[in-house]
Structure formats: structure tokens, C-alpha cells
Amino acid sequence: HTGNCSCYFRNDGNGKVSRVIRIGTRKSQLARIQTDSVAEKLKELYPDIHLEIVAMSTTGDKILDTALSKIGEKSLFTKELENALDRNEVDLVVHSLKDLPTALPPGFTIGAVLKRESPYDAVVLHPKNVGKTLDVLPENSVVGTSSLRRAAQLKKRFPHLHFKDIRGNLNTRLKKLDEKEDFAAIILAAAGLRRMGWENRISQILEPGDCMYAVGQGALAVEVRARDTDILEMVSVLHDHDTVLRCIAERAFLRHLEGGCSVPVAVHTEVKDGQLYLTGAVYSLDGSDSLKDTMQTKVDEQVQRVGVTAHKISGEVQDRAERLGVDLANLLLSKGAKEILTVARQLNDAR
């Protein structure tokens, strides 16, 4: 077998040869569940391929005692997986899109962005507080979150609460919440809880008015080698039209602001009546200072060309989504976003 494709083939014994595609994943239970869901979709679409799942530990999984925003490494959960992709040890990698930096290393690309699960944040309460919401938790209750974005918005919205870092994967965090008395509640992405089958732990979904979400939150991305045209072609059928456009706009907004894990940036998007709406905001660490605005662009394109409708997402519409993100970032920058983010970054580095 020649060519630069790393795939190999296996013979199932009765003369049928099937192509083997290897999928890389982090070892955490959630990562495995997310990867399995993508593998199942591929299996349905391409019954003849044979999928193998390769699990590995990443830096982010190993450094559990430091706040994420302090480690200062954008590709915390993705580096090792990308190395495996680079060495042809795997053919594709499934990530939570929100873990992927807005600029990927050369040679890699996101070949598919799947239909978004709920992008919102959820409140999970200590068993003794069951039935409550954030506004009725007692004064000075401690709420765990490792996200500057969540903390900044929630401090402003719920000044009677105290926010404290909590790290670890979902299982670890829930354990820390339930088995100790350190936290009255913790904030987690609703998508992860749902995928784990733990919806019953969600006491409250935070509406955009309480807490806007992170760029790419709730969406899964399939990362591939940019030169592997056949793999790219294969995974492209997994793209969800609206999710792709929303996430392009969100990522363009974040990249143009030069935001990352270590600054509080939040978004909200929707596609409605052929328009893509993007709301974006930046915050000081304590949420006291913030800038927020909304812009929109046209994305409906039911175009027929000599009677033919080709349903791949047009480049022009993707460009418009990207431009929307850049335009909104420029609007906030013109109002002083740079200063807010610079101070937030410096204060966080000094913590």
C-alpha cells in the first residue's frame, strides 16, 4: 500500500479486506464516550471500515493541582493527541471543540464539527442544597469553577457567593463536591453531564443572562491531518451546518481578541431566519468591568444553480461567519476590550 495515507487494511478471513481507521482519544471517561459517539456515526455511514480506538493521557489530565488558566498552555489537552496524529499513529482525533486553540499547528485541521449539544453551563449542587438555585444559596457559599469566564460573570450576577478553583475531570469534581463540605455547588458544562448520563445532577441551567458560554462549548470536533484528503472527505459528512457557522464566528471572535484559557471571554450564537447572530463579551476577573455587543450576518443560501442544490456549506457563507466574529471583536476592541483583557491576564498571572 503506497501513498502518504497511514491507514492499513485487514483481512477479515473470508476474503473481505476492510480499511482500518484509528481514532485517538484522551483516557477520561467523557472523552471515551465522546469518541465512541463519533465512531458510531462513522460506522453507520461507512459500514465497511474497521475502527480502532487508541486512548492516551495528556498533560492536562496529568497536571491536576493547578488552575487551568495558570498553566498557560493553550494546547493542554490536545498536544499528545496531535503528536500521535503527526506520527501517523492515529488518523483522527475527537476533541471537545472548546479545548482546541483557535490556531491549530501547521498540518492539522478540524475536518468536522458535529451537531452541538447544549452549550450552556449547569449548576450541580451539594446533596444538602438539593432543590436550590444560585440566588437562594446562603451568603458566602463556596461555588467551584475552574473557569475565569464563569467566575467573572457569576461574581457580578451573584455577589453573595464565593468562587473557588476546582480541577479534575467530571468524575473527580463531582466526587470533591459530594464527599467533602468544601463546595456548596459547582459549575460544569451541561453537555458533558448529559453525555455522561448525569442530567439528574443538573439543578439549574444558566441562561445567557446569567452566564454566556465558552467559544465552541458543547460541540465535538474531529481533528485530522490537513493533507489526508480521503480522511477529510470521509469525516466531512459529520459537519452540522448551523454548528459549523456558529463555531467559526465564535472562534474568529476569540482569535481576533487574542483570548484564550486565561482570559474571561464569552459568547452566545444562534441561527434564526437565515441570520447568524453573535453576541460576545469580555470581562474583568471580578466581572465589574465588561463589554458586550451583538452583531448579525446573513447565512441562508438556498441557491439553485441550473436546478441543482449542492448542500455543502458554501465558502462564501463560511467567510461571512468568520468576518462576523472579526467585526464583533473589532467593535469591542474599539470600546476598550484590549485593556480589560490585559489587566485580567496580568492579575491572573499574579495570583
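Along the sequence shown, residues are numbered consecutively beginning with 1.
Taking 4.0 Å as the cut-off between side-chain N and carboxylate O, Lys43 and Asp36 do not count as a salt-bridged pair. In summary, Asp86 and Arg225 do not engage in a salt bridge, as defined by a charged side-chain N under 4.0 Å from a carboxylate O. By the 4.0 Å N-to-carboxylate-O rule, Asp286 lies too far from Lys156 to be salt-bridged with it. The existence of a salt bridge linking Lys272 and Asp242 is excluded, since no basic side-chain nitrogen approaches an acidic carboxylate oxygen closer than 4.0 Å. No salt bridge links Arg246 with Glu270; every basic N to acidic carboxylate O contact stays at or beyond 4.0 Å. A salt bridge links Asp300 with Lys298: the distance from a Lys NZ or Arg NE/NH1/NH2 to an Asp or Glu carboxylate oxygen falls below 4.0 Å. Salt bridge Glu80/Arg26: absent, no basic N to carboxylate O contact under 4.0 Å. Using a 4.0 Å cut-off between charged side-chain N and carboxylate O, Asp178 and Arg201 make a salt bridge. The pair Asp293-Lys335 meets the salt-bridge criterion, with a side-chain N (NZ, NE, NH1 or NH2) lying under 4.0 Å from an Asp/Glu carboxylate O. Salt bridge present: Arg116 and Glu250 bring a charged side-chain N and a carboxylate O closer than 4.0 Å.
In this structure, Tyr120 and Tyr213 have perpendicular ring planes: the angle between them is above 60°, well past the 30° mark.
Looking at His160 and Asn140, their side chains never bring a donor and an acceptor atom within 3.5 Å of each other.
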